[in-house]
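Report on one structure; see the data block that follows.
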Protein chains: 2
Amino acid sequence: MNLSPLAQDFVLHFGEMGSRWGINRTVGQIYALLFVSQRPLNADEIAEALAFSRSNVSMGLKELESWRLTKLQHLPNDRREYFSAPDDVWAIFRTLAEERRKREIDPTLSMLRGAMLVTPGTDADRHAQARMKQMHDLIEMATMWFSDMQRLEPATLKQLMGMGATVTKLLEMKDKLKIVAGGKKARGLK
Amino acid sequence: MNLSPLAQDFVLHFGEMGSRWGINRTVGQIYALLFVSQRPLNADEIAEALAFSRSNVSMGLKELESWRLTKLQHLPNDRREYFSAPDDVWAIFRTLAEERRKREIDPTLSMLRGAMLVTPGTDADRHAQARMKQMHDLIEMATMWFSDMQRLEPATLKQLMGMGATVTKLLEMKDKLKIVAGGKKARGLK
DNA sequence: CTAGATTTTCAGTAATTACTGAAAATTCAA
DNA sequence: TTGAATTTTCAGTAATTACTGAAAATCTAG
């Protein structure tokens, strides 16, 4: 691996982290490399930099494409394909979250909804169903909220996040405003 | 596996899902079983229900304990240990999130912080460092926000989530209030 | 078209991870 | 204490997943 120590640490770390998620080490390393690279890389360059086989790189890139995490481009007078990671880290995060939802959350919700439709035959099943409903409701709420957030402008989202728990101050304020709502409305404060 | 079809679907699904995360199939199934079970189960009962070896169950339970996801208790006149999942699904979610932060986010942040301290020798390293900073800032912001949220009362959190993107209405309202702030303050609206 | 360049596929193998049974360690009632 | 009940450990094996090289497929300049 002929990378600077800085890049190498990063790449190795993401390889490790990748394997803690379902993503394999190779794929994690490839993405980390693309992420820090100044310019798009072709498959041979990646194979060279990370010292694994050309075919392994091909498979890794295919996997990353299926996650919609790479940009593909061509350079003038070069038939090879060049890969890079999107510039905007928020966009990357978003894509990752969307893709995970599609692959993991949606199937889980649909399994749980299916389970809700079964008429429980035993007491144990009645209990199991109630538990599944709790889980279903939690996941559904978190997911809906998350997709709501994703629709916001990055700037707004950042502002909200920056506020952290102080958003609750706004909530309290809203409640107080309600108490004296008539007056507010009259003065055009929505 | 002598479970009702309802429970079996759930258990098998979580086995699959587990293996998509770093968690192995066995562990996922054990947790799913505990989650839907009406009463705490001992290791033999789990091994029996899921049809794997006693030692495998022992390892699986140890893994779950390391994630702080199980409750351990004893029944009168029974030396065996009985395991169950916490009742509150929010609490489970929280624990999971905390534990993942400790294991995955914190080490990543510290690696990235370390990388910030290196004096870049090349142009490529300067770029890599800038990229790592972007990632660092995103992760740090998301994490801080998340831990802020965790400190809220579950009810407040639920209220906030239920509002989804409409929290931004509050933001807009706040901005408008600022414009006429003097008046508000005078009336004790904070 | 065609031939060189490039990418993908895939069967075989290597590496890793999961699982088991047997043995060791621990726990606790008597 | 002791010993039966219970849990944990761990070396060996099974199963799964990752990786490679070679061959096939695809692409494109001429």
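None of the values given here were measured: they were computed from a predicted structure. Residue numbers begin at 1 in each chain, while the letters A, B, ... track the order of the sequences.
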So, B/Arg79 side chain and B/His74 main chain: donor-acceptor pair closer than 3.5 Å or not?
no
Tell me the interatomic distance from B/Met59, atom CE, to D/dT8, atom P, rounded to whole angstroms.
11 Å
Quick note, B/Glu81 side chain, CB onward, closest among C/dA18, D/dT8, C/dT20 is D/dT8
Here the distance between atom C1' of D/dT20 and atom CG of A/Leu50, to the nearest Å, is 16 Å
Does B/Lys62 have a side-chain nitrogen or oxygen under 4.0 Å from the phosphate oxygens OP1 or OP2 of D/dT9?
yes
Would you tell me if any nitrogen or oxygen in the side chain of A/Arg79 comes within less than 4.0 Å of OP1 or OP2 on C/dT7?
no
Protein-nucleotide distance (B/Leu61, atom CG; D/dT8, atom C1'), rounded to Å:
12 Å
Just checking A/Arg54: base, sugar-phosphate only, or nothing, at a heavy-atom cut-off of under 4.0 Å?
base
From CD1 of A/Ile46 across to P of C/dT8 the rounded distance in Å is 11 Å
Does A/Asn24 place a side-chain N or O at less than 4.0 Å from the phosphate oxygens OP1/OP2 of D/dC19?
yes
Can you tell me how far P of C/dC28 sits from NE2 of B/His74, to the nearest Å?
7 Å
Round to the nearest Å and state the distance from A/Leu72 atom CG to C/dT8 atom C1'.
14 Å
Whole-Å gap separating C1' (C/dA5) and CG (A/Asp78):
10 Å
Give a yes or no on whether the backbone of B/Leu69 and the side-chain of B/Tyr31 come within a donor-acceptor separation of less than 3.5 Å.
yes
A/Leu41 CG - C/dT7 P separation (whole Å)
13 Å
Report yes or no: is there a donor-acceptor pair, N or O only, under 3.5 Å between the side chain of B/Ser55 and the base of C/dG21?
yes
Do the side chain of B/Gln129 and the main chain of B/Val118 share a donor and acceptor less than 3.5 angstrom apart?
yes
Give a yes/no on whether any side-chain N or O of B/Arg80 is located under 4.0 angstrom from OP1 or OP2 of D/dT7.
no
Contact under 4.0 Å: A/Ser58 side-chain N or O vs C/dT8 OP1/OP2
yes
With no hydrogens and no angle check, is any side-chain donor or acceptor of A/Arg20 less than 3.5 Å from a backbone partner on B/Arg103?
yes
Between B/Glu45 and B/Arg80, is there a side-chain N and carboxylate O pair less than 4.0 Å apart?
no
